[in-house]
Amino acid sequence: MGKSKTKNYNSYNSTILEALFLKYEVSKYYIRQCINGSVQGIKADNIKKDYYIMEKAHEDVVSQLIKKTLK
């Protein structure tokens, strides 16, 4: 009766991570921790908010391109 010791890891958009890296000048590891919620603070909250804004915009652009190519 072994428990599964597999851990699920989150996958973050590398393009957005690079943009946040350039904007905030902090490590990508720190950015991933902020998005994950491991780090607390105003800067961490801003990074997390920016990530989700950029992710939503990225999804919108991709869905528009898909709609445009299917016509």
Side-chain angles (χ1 to χ4, degrees):
M1 295 195 202
K3 292 183 181 179
S4 176
K5 294 189 179 189
T6 333
K7 183 171 182 178
N8 293 332
Y9 292 97
N10 293 331
S11 177
Y12 300 111
N13 188 319
S14 61
T15 308
I16 297 173
L17 287 178
E18 183 68 26
L20 292 172
F21 170 74
L22 295 173
K23 179 177 180 178
Y24 288 101
E25 298 178 349
V26 294
S27 70
K28 292 178 186 177
Y29 177 74
Y30 180 77
I31 293 170
R32 285 191 296 270
Q33 285 182 324
C34 293
I35 298 166
N36 188 1
S38 300
V39 178
Q40 302 296 319
I42 295 171
K43 190 173 200 175
D45 290 341
N46 290 337
I47 290 172
K48 188 173 186 177
K49 183 177 84 173
D50 285 350
Y51 178 82
Y52 288 119
I53 289 171
M54 289 180 186
E55 186 178 42
K56 175 70 173 134
H58 182 270
E59 289 174 6
D60 291 344
V61 168
V62 170
S63 66
Q64 288 175 0
L65 289 173
I66 290 172
K67 287 178 185 176
K68 189 182 275 188
T69 58
L70 292 178
K71 287 184 178 182

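For the numbers below, each heavy atom of this structure counts, side chains included, while hydrogens, waters and symmetry mates do not.
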Qualifying residues under side-chain hydrogen bond (donor to acceptor under 3.5 Å, both in side chains), relative to [X], sequence neighbours excluded:
| X | result |
| --- | --- |
| Gln33 | Tyr29 |
| Lys56 | Asp60 |
| Tyr52 | none |

Inset, instruction - To the nearest 0.5 Å, tell me how far Cys34 SG sits from Gln40 CD. - result: 9.0 Å
Inset, instruction - For Tyr51, enumerate each residue passing the ring-ring contact (aromatic ring centres under 6.0 Å, His included) test, keeping only those at least two apart in sequence or located in another chain. - result: Tyr12
Legend entry - Chi angles and distances behind the side-chain contact (heavy atoms from CB on, under 4.5 Å) call for Ile16, Glu55: CA-CA 7 Å; Ile16 297 173; Glu55 186 178 42; 4.0 Å; yes
Inset, instruction - Starting from the C-alpha separation in whole Å, work towards a yes-or-no answer on side-chain contact (heavy atoms from CB on, under 4.5 Å) for Ile35 and Asn10. - result: CA-CA 10 Å; Ile35 298 166; Asn10 293 331; over 6 Å; no
Inset, instruction - Mind running side-chain contact (heavy atoms from CB on, under 4.5 Å) on Met54 and Leu20 for me, showing each step along the way? - result: CA-CA 10 Å; Met54 289 180 186; Leu20 292 172; 3.9 Å; yes
Legend entry - Sequence neighbours excluded - salt bridge (Lys or Arg N to Asp or Glu O under 4.0 Å) pairs with any residue from residues 17-28: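 Listed by first then second residue: Glu18-Lys28, Lys23-Asp50.
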Inset, instruction - Please indicate whether Leu22 has more than 12 foreign heavy atoms, meaning atoms of other residues, nucleotides or ligands, lying under 6.0 Å from its CG. - result: yes
Inset, instruction - List the steps and the verdict of side-chain contact (heavy atoms from CB on, under 4.5 Å) for Lys43 and Val26. - result: CA-CA 10 Å; Lys43 190 173 200 175; Val26 294; 3.7 Å; yes
Legend entry - Other ILVMFWY residues reachable from Leu65 by side-chain steps of under 4.5 Å: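 Hydrophobic cluster check, Leu65: joined to Val61.
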